[in-house]
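What you are looking at is a predicted structure, and each value in this text was computed from that prediction instead of being measured.
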Amino acid sequence: MYETLQKWFAYQAKTETELHVTFKKLEEAGNIQFPASARKHPAWWLDKSPNTTHSHARAWLETGWQVESLDLSKETVSFKRV
């Protein structure tokens, strides 16, 4: 389900070390709609385990990104290249 989003993360400029995006931008990039829990629960975003079973988190973790900060009220998330 999150393969297209994973490709989007993989294609981000290798010179970029941070990404600041809205949930809407990520949904558009992945041609998906996040579940309601993504808008209510920080834990949906904050999984940093390389062995995660969460396919949404693997979309960014496996391409070298992790969540740096999150603002649920503004529906924005920042990623840092690791």
Side-chain angles (χ1 to χ4, degrees):
M1 176 173 170
Y2 294 97
E3 296 86 7
T4 303
L5 184 59
Q6 186 170 21
K7 288 177 185 177
W8 181 85
F9 275 102
Y11 287 118
Q12 298 311 299
K14 299 297 182 189
T15 57
E16 297 295 326
T17 58
E18 295 182 359
L19 294 172
H20 307 283
V21 293
T22 63
F23 294 0
K24 181 178 171 103
K25 170 70 175 174
L26 292 175
E27 289 174 322
E28 289 171 355
N31 196 28
I32 53 173
Q33 184 173 8
F34 293 141
S37 57
R39 289 177 161 78
K40 294 179 184 177
H41 304 290
W44 194 90
W45 295 95
L46 300 177
D47 187 346
K48 294 183 180 181
S49 170
N51 300 317
T52 187
T53 59
H54 298 117
S55 59
H56 64 275
R58 284 196 315 267
W60 52 81
L61 291 170
E62 290 181 357
T63 55
W65 296 95
Q66 72 178 24
V67 173
E68 181 72 11
S69 63
L70 173 68
D71 188 327
L72 291 178
S73 65
K74 294 181 180 176
E75 295 193 353
T76 59
V77 60
S78 294
F79 294 89
K80 178 181 176 181
R81 190 179 294 278
V82 292

Visitor: Taking distance alone, no hydrogens or angles, what donor-acceptor pairs closer than 3.5 Å link side-chain atoms of residues 71-82 to residues at least two apart or in another chain?
Guide:
from, atom 1, to, atom 2, distance (Å)
D71, OD1, S73, N, 3.0
D71, OD1, S73, OG, 2.6
D71, OD1, K74, N, 3.0
E75, OE1, R39, NE, 3.3
E75, OE2, R39, NE, 3.0
S78, OG, H20, ND1, 2.6
S78, OG, S69, OG, 3.4
R81, NE, E16, O, 2.9
R81, NH2, A13, O, 2.9

Visitor: How far apart are the closest heavy atoms of V67 and W60, and which atoms are they?
Guide: CG2-NE1, 3.9 Å

Visitor: State, to 0.1 Å, how close L19 and Q12 come at their nearest heavy-atom pair, and which atoms those are.
Guide: CD1-CG, 3.8 Å

Visitor: In Å and rounded to the nearest 0.5 Å, what is the CD to CD1 distance from E3 to I32?
Guide: 10.0 Å

Visitor: Between W44 and M1, is there shared hydrophobic-cluster membership here, with clusters defined by ILVMFWY side-chain heavy atoms closer than 4.5 Å?
Guide: yes

Visitor: Going from OG on S49 to CD on Q66, what distance comes out if it is rounded to the nearest 0.5 angstrom?
Guide: 11.5 Å

Visitor: Start with the C-alpha gap between F23 and L70, add the side-chain angles, then the distance that decides, and say whether side chain to side chain contact (heavy atoms under 4.5 Å, CB included) holds.
Guide: CA-CA 10 Å; F23 294 0; L70 173 68; 3.7 Å; yes

Visitor: Work out which heavy atom in T4 is nearest to a heavy atom in A29; give both atom names and the distance.
Guide: CG2-O, 3.4 Å

Visitor: Short question: side chain of T52, backbone of K48 - any donor-acceptor pair under 3.5 Å?
Guide: no

Visitor: Residues two or more places apart in sequence or in another chain: which of them pass side-chain hydrogen bond (donor to acceptor under 3.5 Å, both in side chains) with Q6?
Guide: E62

Visitor: CG of D47 to NE2 of H56: how many Å apart, nearest 0.5 Å?
Guide: 6.5 Å

Visitor: Is there side-chain contact between Y2 and L26, with heavy atoms separated by less than 4.5 Å?
Guide: no

Visitor: Taking C-beta and beyond as the side chain, do K25 and W8 meet within less than 4.5 Å on heavy atoms?
Guide: yes

